[in-house]
Amino acid sequence: MTCAALLLSGSAAMPMEKTFDAPAEEARIADLWDAAGSFAMGANARPGAEAFSILLPPPNVTGSLHMGHAFNHTLMDVLTRWHRMRGHDVLWQPGLDHAGIATQMVVERELAKAGEPARRDLGRAAFIDKVWEWKAQSGGTILAQCRRLGDSFDLSRNRFTMDDGFADAVLRAFVEFYEKGLIFRGKRLVNWDPHFETAISDLEVENIEVPGHMWHFRYPLENGETYEYIERDADGAVTLRETRDYIAIATTRPETMLGDGAVAVHPSDERYAPIVGKLCEIPVGPNEHRRLIPIIVDEYPDPTFGSGAVKITGAHDFNDYGVAERNGIPKYRLMDTKARLRDDGAPYAEAAARAREIAAGAVFTDAEIDTLNLVPDELRGLGRYEARDRIVKQVTAGGLAVMTLADDPNTRPPSIAVEGRNKRKELGVWIGPDGETYVCESSDEALAEARLRHPTKDIRLPLFGEMEDGVFYEPGSDSMIWWLRLGYPLVESKPITQPFGDRSKVVIEPMLTDQWFLDAETLAKPALAAVREGRTRILPEQHEKVYYHWLENIEPWCISRQLWWGHQIPVWYGPEIDKDGFAIPGAVRAFCAASEKEALAKAQEHYGSTIEVVLPNRDENNPLREYLPPSEMGHDKQGRVTTTTLDRDPDVLDTWFSSGIWPLGTLGWPEDTDELKRFYPTSTLVTGFDILFFWVARMMMMQLELKGEVPFRDVYVHALVRDEKGKKMSKSLGNVLDPIDLIDEYGADAVRFTLASMAAMGRDLKLSKDRIAGYRNFGTKLWNAARFAEMNDCRPDPAFDPRSVTLTANRWIVGETGRLRETLDAALDAYRFNDAAGALYAHVWGKVCDWYVELAKPLFQDEASAPETRATMAWVLDQCLRMLHPFMPFITETLWAQGASRAGLLVHADWPGYGADLVDGAADAEMGWVIGLIEEIRSLRAQMHVPAGAKIPLIELGMSADQAEALERNRTLVARLARIERFETAAEAPKGSVTLSVGGAAFCLPLAEVIDIASERARLGKALEKLGKEAKGLDAKLSNAAFIAKAPEEVVDENRARLEALEEETAILAAALARLAQL
RNA sequence: GGGCGAUUAGCUCAGCGGUAGAGCGCUUCGUUCACAUCGAAGAUGCCGGCGGUUCGAAUCCGUCAUCGCCCACCA
């Protein structure tokens, strides 16, 4: 038995089922691929093949895959399978991201849910063990999900950002940046997340507009000093002139008043010119300890906004920080890591005294300033919103809120709008005889207080209409009546943009802390140049601008996080030793090294033989890591240092720092591995625009610095997957579609094809189940075409030459297949996945199933035509399987082996190389005409209500010799597909027949029994009208001299030809109408 | 406040200088031996408004309107 015969014998399989059993086959096929090592690096590569490499954006180990992943992975898998079939040297590198803050959050939540000890109680080491447990579970889930999707990455090369090798690369990158001076540590204002108690980067802050309030307060001038406050309109005319003993400020954050260092006005603001340089008082805290702060000028305040005067809190606001820096204003930190008002340090009186010394010019170090707690004792430990509440109340009660009288004294007291989270205090403000204010919950309470204060006065609450404007004397009475007036502090309700942590969803607090920063500005320059010079392409192009804009305005990147889960910063600290061998108090020396061993060596080398450097025997779990513990030192009798500990910085790196070296790290850097040589720079990065800054831009920066070469040639930026209403899928909205659920329901192929077909560049895709069902049906269609082929004994023959076929229908479909390959490759080359999917769909369903299968049926009946047609059918479907495989890998791999014995799996089959050269123009034209004829007949039959099953004659009235030959060759096809009983020839259309015109050939259908003359007349009239309209337009165009002169020749010719065809058709139909008129 | 994008059939969207398209939905008909997860036939569009460029505009340029998104320090 020959080998071929053996293979054939295996194909005498059971008859195929009517549908594809996705759940069973997907599992079976996935196993086949695994067993064959189909996705291994370089699998199916031809010798000397070009490399294609693509990195999986590592999913976070926080749970499971969502629709966005499914989309992203589908696109990558299409590219990967396509390149692999083309024989390229392919690497799709998978991996997982430890996702520091997100994972720590998830694990903490899980611990709470399971009733286990909280993170702090567990301690650092034990907690990290828990995270690793979680990672094992979650990572496994994710990879299993990828397998369901059909991801063809090389799982044997899977990397995790916290694995030893990768972690080592991360630390080495840090050391390299550090040594180049690109990483520095500094006390700066950073975005602080009070929930996670860590710094976060600018990118992790979401600015959201929320309803808020702005309060207006008076800061009294020192010693009751006064000045003329003058406001002018645009023409300089005085609109307000009054004597003031205060400066008014506006704030949305009253709680930060405690840390004010100055009040700033714009240098050009003449209203405040008289008091610039003077001192004013912060109107909170115990009266005897109130702080005075200077009124300064700075460009920052906008004279047209609020009062034009801004309170400057350098430690709690980014703008104020800048003003404070420029003007040497102290920055007083008010809050702790949970954004509660500080409860540490010396009592308020003492701190305030120090602050007064500072204001008076005493010099203090930053560290000393940081120890000052300027929170009044009674406010210490309060949450920031509670503190805000108290302060507003205090200032208002002190009569220093800018007050507005209620228009109607009998209205209900307006709430004072002190706010915490989720609560408002219903407090009213009443104004007494001296203009003093009472902040109370009821008018009776206010009245009681006022009477207590003015025991000799008759104070009353006005009843409706009782109090006249400005009159406080009751007519007809001998005594003065003092009214207690209702007022309210000037509080504007306005939307304010507040920063929220993107993970914690709590309001971010700007905090002055020590952090590590990466000099992004320096790194941005090569990253900008690489894209500008086209070394890396960003597609679609619109994203390039966004990329440029971000990199051009980049700030230092805060890379340290006060978390436990992550790469611990590779910096160790020891004391600073003076030349005599004594420790300099408070001074610290940092040693940056990629390992503890190297750090020890570096430190030992630095300190020399007189000082022994040891690692501390400290509890690593010490949860209070706000400050580094001081080194433990041993001294000799003179006090010189003899031993010292070396403490590692407890902070970890931002997750994005490690994912930032994903390209180099996964390929083995810093070693110069084979993979690096083969696959770097990677070919394509496929990613969502939401991580363009987080990830893409940073990879560009970091790779360019570390390797001096771009990390990718192309960056394909795709849009977001939304629900069918266009909403972002989110757990809270409950509109999340789980890709695995969809795969269970429709099969992975349908889900993948849907995603690919919706991947038009630069637009969000709205996913609906109907669409997926549609593509599931498409798979069934393909399945049944294959089933048809099998039932008709169509076996793929490796020796089949598509160019050798002779029958028109076969030549035609071969040509169409050639066209498809060109269209498909062009589309994939340009990342036009939707075009690629569309072309496949149109070809398989619209050409192969709708026409070729139907054309083949009569050909199978004919002994002369059957062999060639069977071979062609097998070849055509074979090509469909190959070309569909990147999109629908499971069903195509199943069909590949169905009814045919193959030497290998489809995943490694050759991608076709032919093109439109397979197109035979004559066959193409002929089939076009035949199909047109069939469609025209079918249309008329339907319009004339010919029963679907009835066979009718077709009368040929006149056609060209070519058309006659074509019809001759295709009579059986036409007869079958148009349900024609017999063909007749006549010189003229018989009575009661309907006329049709196809490409200038005239036919008619004798339908005397069914025809309705009136409706046939209407039909012809309508058709002629349409033709006439089009002809008129063409005529106008062609008689336009400018068109003839300026339009390209082929366009002119095309229009001429079309007009001619139109005229022919018009003549035929007009003649038919004329005949009808004679009846 | 800056930037980007969208506005095309009932719905979701392609097309982006030369005859308005697809899928879904809808209507009518159909148990013909691949497929009812199907087939055949059909209806539906001032391609957001207004200007301009061009022989020719859904497509290019202005502008307005509406809706999204991103970035941004107005206290």
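So that the names make sense, note that chain A is the first sequence line, chain B the second, and so on, each numbered from 1. Hydrogens, waters and symmetry mates are skipped; everything else that's a heavy atom, side chains included, is used.
Residue order along RNA chain B, read from the 5' end via each residue's closest nucleotide, puts A/Asn792 first among A/Glu935 and A/Asn792. Mapping A/Trp851 and A/Glu1030 onto RNA chain B by nearest heavy atom places A/Glu1030 at the nucleotide closer to the 5' end.
Separation of the C1' atoms belonging to B/C67 and B/C60 is 24 Å when rounded to the nearest angstrom. B/A9 and B/G48 are spaced 8 Å apart, taking the P atom of each and rounding to whole Å. Taking the C1' atom of each, B/C16 and B/G5 are spaced 15 Å apart, rounded to whole Å. Rounded to whole Å, the separation between the P atoms of B/C29 and B/C13 comes to 33 Å. Here the separation of B/U8 from B/A20, taken at their C1' atoms, is 9 Å to the nearest Å. Remark: the separation of the C1' atoms in B/U31 and B/U44 is 31 Å, to the nearest Å. If you take atom C1' in B/C73 and the same atom in B/U63, they sit 32 Å apart, rounded to whole Å. Atom name C1', nucleotides B/C46 and B/A58: the rounded distance is 12 Å, in whole Å.
Minimum atom distance to the side chain of A/Asn207 is reached by B/A72, of the listed B/A72, B/A75, B/A34. Relative to the side chain of A/Arg1058, the nucleotides B/C24, B/U19, B/C71 differ in distance, and B/U19 lies closest. Closest contact between the side chain of A/Gln542 and the listed nucleotides B/G5, B/C71, B/G39 involves B/G5. If you check B/C70, B/C55, B/A36 against the side chain of A/Phe1043, the one that comes closest is B/C55. In this structure, of B/C24, B/A41, B/C55, it is B/C24 that holds the atom nearest to the side chain of A/Asp770. For A/Asp317, the side-chain atoms get nearest to B/A75 when compared with the rest of B/A75, B/G18, B/A34. Residue A/Tyr300 places its side chain closer to B/C74 than to any other of B/C74, B/A14, B/C24. In the set B/G18, B/G23, B/C74, the nucleotide with an atom closest to the side chain of A/Asp302 is B/C74. Nearest nucleotide to the A/Arg832 side chain, out of B/G15, B/U19, B/A40: B/G15. For A/Ile496, the listed nucleotide lying nearest its side chain is B/A75; candidates were B/C55, B/U37, B/A75.
An OP1 or OP2 oxygen of B/C38 is reached within less than 4.0 angstrom by a side-chain nitrogen or oxygen of A/Asn777. For the OP1/OP2 pair of B/C38 and a distance below 4.0 Å, the side-chain nitrogens and oxygens of A/Lys18 include no atom meeting the criterion. Side-chain N/O atoms of A/Thr780 include none lying less than 4.0 angstrom from OP1 or OP2 on B/C38.
Residue contacts for A/Glu854: at a heavy-atom cut-off of 4.0 Å it reaches a base atom on one of the strands shown. Across all strands shown, A/Lys545 has heavy atoms under 4.0 Å from sugar-phosphate atoms exclusively, and none from any base. A/Lys781 comes within 4.0 angstrom of a base, heavy atoms only. Residue contacts for A/Phe305: at a heavy-atom cut-off of 4.0 Å it reaches a base atom on one of the strands shown. Nucleic acid contact for A/Phe778: none, since no nucleic acid atom lies under 4.0 Å from a heavy atom of the residue. Among the heavy atoms of the strands lying under 4.0 Å from A/Val1051 is at least one base atom, whether or not backbone atoms are also near. Counting any heavy atom pair closer than 4.0 Å across all strands shown, A/Arg787 reaches sugar-phosphate atoms only and no base atom. Counting any heavy atom pair closer than 4.0 Å across all strands shown, A/Arg776 reaches a base atom. Backbone-only contact: A/Asn1040 has heavy atoms under 4.0 Å from sugar-phosphate atoms and none from a base. Among the atoms of the strands shown, none is found under 4.0 Å from any heavy atom of A/Gly747.
Checked against a 6.0 Å centroid threshold, the rings of A/Phe689 and A/His718 do not count as neighbours.
Rounded to an integer number of Å, the gap from CD of A/Glu544 to C1' of B/C4 is 14 Å. Rounded to an integer number of Å, the gap from CG of A/Leu1038 to C1' of B/G18 is 12 Å. At whole-Å resolution of the value, CH2 in A/Trp845 and P in B/A40 are 10 Å apart. With rounding to whole Å, A/His945 atom NE2 is found 15 Å from B/A41 atom P. Atom P of nucleotide B/U37 and atom CG of A/Asp749 are separated by 19 Å, given to the nearest angstrom. Rounded to whole angstrom, the span from the CZ atom of A/Phe689 across to the C1' atom of B/C69 amounts to 7 Å. Between A/Asn834 atom CG and B/G23 atom P there is a gap of 15 Å when expressed in whole angstrom units. Atom-to-atom, NZ of A/Lys1037 to C1' of B/G17 comes out at 11 Å; the value is rounded to the nearest Å.
In the model, A/Ser757 has no side-chain atom that pairs as donor or acceptor with a side-chain atom of A/Asn834 under 3.5 Å.
Annotation: cation-pi geometry not satisfied between A/Lys769 and A/Tyr746 (NZ/CZ under 6.0 angstrom from ring centroid, within 45° of ring axis). Geometrically, A/Lys781 does not engage A/Tyr775 in a cation-pi contact defined by less than 6.0 Å to the ring centre and at most 45° from the axis.
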Verdict with reasoning, A/Phe693 to A/Arg698, per side-chain contact (heavy atoms from CB on, under 4.5 Å): CA-CA 7 Å; A/Phe693 305 145; A/Arg698 284 164 176 174; over 6 Å; no
Verify side-chain contact (heavy atoms from CB on, under 4.5 Å) between A/Leu884 and A/Phe753, making sure each step is shown before the conclusion. CA-CA 9 Å; A/Leu884 267 172; A/Phe753 204 88; 3.8 Å; yes
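Shown here, B/G5 forms a base pair with B/C67; the pair counts as Watson-Crick or G-U wobble because both key distances fall under 3.5 Å. Under the Watson-Crick and G-U wobble criteria, each requiring two contacts below 3.5 Å, nucleotide B/G10 is paired to B/C24. Across the strands present, B/G56 finds no partner; the criterion is a Watson-Crick or G-U wobble pair with both atom distances under 3.5 angstrom.
Residue A/Leu189 comes nearest to A/Asp317 through the heavy atom pair CD2-O, 3.2 Å, listed as atom of the first residue, atom of the second, then distance. Here the closest non-hydrogen pair linking A/Ile247 and A/Cys280 is CG2-SG, 4.1 Å.
Between the side chain of A/Asp320 and the backbone N or O of A/Gly314, no donor-acceptor pair lies under 3.5 Å.
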